[in-house]
Trainee: 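For reference, the structure I am asking about is given below.
In this chain, numbering begins with 1 at the start of the sequence shown. None of the values given here were measured: they were computed from a predicted structure.
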Amino acid sequence: MAGRTFRVGTRGSRLALAQTELALAALRSVRPDISFQVTVVRTRGDRDQHTPLSRLGGRGVFVAELEQALLRGEVDIAVHSLKDLPSRPAPGLVIAAVPLRDDPRDCLVSRQGLTLDSLPPGAAVGTGSPRRAAQLRALRPDLTVAEIRGNVDTRVRKVMEGEYDAAVLALAGLRRLGLADSSVHPLEPETMLPAPGQGAIALEVRGDDAEALALCRAVDDPVVHACVTAERAFEAQFGGGCSAVVAALAVAQGETIWLRGLAAAAEGMAFFRGEARGPLAEAEAVGRGLAHELLRRAAGALQAREA
């Protein structure tokens, strides 16, 4: 490993670059002798800022080119927002580390710093997520839920310029960009359950690159990794992706994991919620078990993913 320069792939948005710097700081803290070179990879989701994500092919449009660059050997480590990664890993690639997780909650951004309850009837709330849209409609059916695209900076600007009355975004992204000011109102998980892996940063490598695996695993947070494993295992049973309404949040309580999950039909109807607890060491089984329980209760209203 000594003398090798590790090529780190990332998207080119301000948020992606900020997250890459956080990941690099963690890596350098354990191996200050290692050199890194950042390579920006433009993804389909970055190139097309107008088409709704559900029509582009789901959140995988933000990671496919990065994963292809990994598989071609053009980069050695890919830095992702974990929530962008499909719940089933790409063949030949491994999530080697989840070193960091910020606040996993969603938040409401508005010019007046309004809460969800204080938004006036008919207010236009922007989101590109069917998960957020479905929960918004259930909470406030009087609101106008509208599609919004663009990176975090762009979506905040659209709200501040009056194109939307508010937007729902991930709080972690705003915090990492220094945008979590008085215009931001966090939404508690009891109100809006976040996406699996939200707020977490993932380091992905080739499964046969022993040096990159060892380097990244040195910065893995095993408790955070267990929590997101439970969330992603829950999601995997439903197929995941941007067109599926799936939400999950796991919290470690000592050696126990507490997982809350939500699933609904793609159109946002037929909501099913539940929670489960189990050993932290069996996080994946806890996630699968809760999904199977919701599928049993759904009695065919939701479709399980083929194993």
Side-chain angles (χ1 to χ4, degrees), residues 8 10-30 38 45 59 62-63 66 77-85 87 95-109 113 127-129 131-132 135 150-156 159 167-204 216-232 234-235 246-253 257-261 280 283:
V8 180
T10 175
R11 293 169 59 197
S13 71
R14 208 159 68 89
L15 177 58
L17 293 172
Q19 291 177 163
T20 298
E21 284 305 312
L22 290 171
L24 286 172
L27 291 167
R28 289 172 177 140
S29 72
V30 296
V38 174
R59 67 180 193 250
F62 291 120
V63 302
L66 272 169
I77 302 168
V79 181
H80 303 285
S81 291
L82 182 57
K83 71 173 185 175
D84 288 339
L85 282 171
S87 53
I95 298 177
V98 185
L100 301 163
R101 189 175 205 178
D102 207 319
D103 196 318
R105 292 177 294 176
D106 284 310
C107 63
L108 188 75
V109 179
T127 178
S129 160
R131 171 190 62 83
R132 291 171 177 149
Q135 293 185 81
N151 56 33
V152 172
D153 313 67
T154 299
R155 284 177 279 168
V156 170
V159 171
V168 179
L169 303 170
L171 181 56
L174 294 172
R175 285 165 54 98
R176 288 168 181 156
L177 291 175
L179 298 175
D181 56 20
S182 60
S183 67
V184 173
H185 180 75
L187 299 170
E188 298 303 323
E190 294 78 14
T191 299
M192 181 168 289
L193 206 58
Q198 187 157 301
I201 294 174
L203 304 183
E204 189 177 34
C216 292
R217 282 177 174 160
V219 300
D220 186 51
D221 185 318
V223 173
V224 169
H225 206 145
C227 288
V228 299
T229 294
E231 296 164 15
R232 286 166 58 78
F234 172 83
E235 179 187 36
V246 178
L249 180 63
V251 178
Q253 300 174 323
I257 193 166
W258 173 35
L259 173 66
R260 286 172 283 181
L280 194 64

Trainee: Write down the atom of A230, the atom of L259, and the distance for their closest heavy-atom approach.
Mentor: O-CD2, 4.0 Å
Trainee: Taking side chain as C-beta onward, heavy atoms only, is Q135 less than 4.5 Å from D106?
Mentor: no
Trainee: Distance-only, no hydrogens or angles: does the R105 side chain make a donor-acceptor pair with backbone N or O of G199 under 3.5 Å?
Mentor: no
Trainee: With rounding to the nearest 0.5 Å, note down the distance linking CZ in R132 to CG in L187.
Mentor: 9.5 Å
Trainee: Judged by atom type as modelled, is there a donor-acceptor pair below 3.5 Å linking the side chain of R232 to the main-chain atoms of L85?
Mentor: yes
Trainee: Locate the shortest heavy-atom distance separating A226 from I257; write the atom from each residue and the value.
Mentor: O-CD1, 3.7 Å
Trainee: Can you tell me how far apart CD (E231) and NZ (K83) are? Round to the nearest 0.5 Å.
Mentor: 12.5 Å
Trainee: Donor-acceptor check, side chain of T127 to backbone of S129, threshold 3.5 angstrom: yes or no?
Mentor: yes
Trainee: Has Q198 got a side-chain atom pairing as donor or acceptor with P104's backbone, closer than 3.5 angstrom?
Mentor: yes
Trainee: Return the CG to CG distance between L171 and D103, rounded to the nearest 0.5 Å.
Mentor: 4.5 Å
Trainee: So R11 and D84, side-chain contact (heavy atoms from CB on, under 4.5 Å) or not? Walk me through it.
Mentor: CA-CA 12 Å; R11 293 169 59 197; D84 288 339; 3.6 Å; yes
Trainee: Could you measure the distance from the SG atom of C227 to the CG atom of L280? Nearest 0.5 Å is fine.
Mentor: 6.0 Å
Trainee: State the CG-CD1 distance between L27 and I77, to the nearest 0.5 angstrom.
Mentor: 5.5 Å
Trainee: What are the two closest heavy atoms between S183 and D181, and how far apart are they?
Mentor: OG-OD1, 2.5 Å
Trainee: Indicate yes or no: at least one non-hydrogen side-chain atom of E21 is less than 4.5 angstrom from one of L17.
Mentor: no
Trainee: Tell me the closest heavy-atom pair linking R155 and G150, and the distance in Å.
Mentor: NE-O, 2.9 Å
Trainee: Does the side chain of L179 reach to within under 4.5 Å of the side chain of V184, using non-hydrogen atoms?
Mentor: no
Trainee: Does some side-chain heavy atom of V38 sit less than 4.5 Å from a side-chain heavy atom of L24?
Mentor: yes
Trainee: When you compare the side chain of R14 with that of L177, does any pair of heavy atoms fall below 4.5 Å?
Mentor: yes
Trainee: What I'd like to find out is whether the side chain of L15 reaches to under 4.5 Å of the side chain of N151, using heavy atoms alone.
Mentor: no
Trainee: In Å, rounded to the nearest 0.5 Å, how long is the span from CG of L22 to CD1 of I201?
Mentor: 5.0 Å
Trainee: Compare every heavy atom of F234 with every heavy atom of G261, then report the nearest pair and how far apart it is.
Mentor: CA-CZ, 3.7 Å
Trainee: Do the charged groups of D221 and R101 touch, with an N to O distance under 4.0 Å?
Mentor: no
Trainee: Is there side-chain contact between V98 and D220, with at least one heavy-atom pair below 4.5 Å?
Mentor: yes
Trainee: Of all heavy-atom pairs between A247 and R131, which one has the smallest distance, and what is that distance?
Mentor: CB-CD, 3.7 Å
Trainee: Does the side chain of R260 come within less than 4.5 Å of E190's, by heavy atoms?
Mentor: yes
Trainee: Quick one: does any side-chain atom of S13 pair with a main-chain N or O of A16 as donor and acceptor, under 3.5 Å?
Mentor: yes
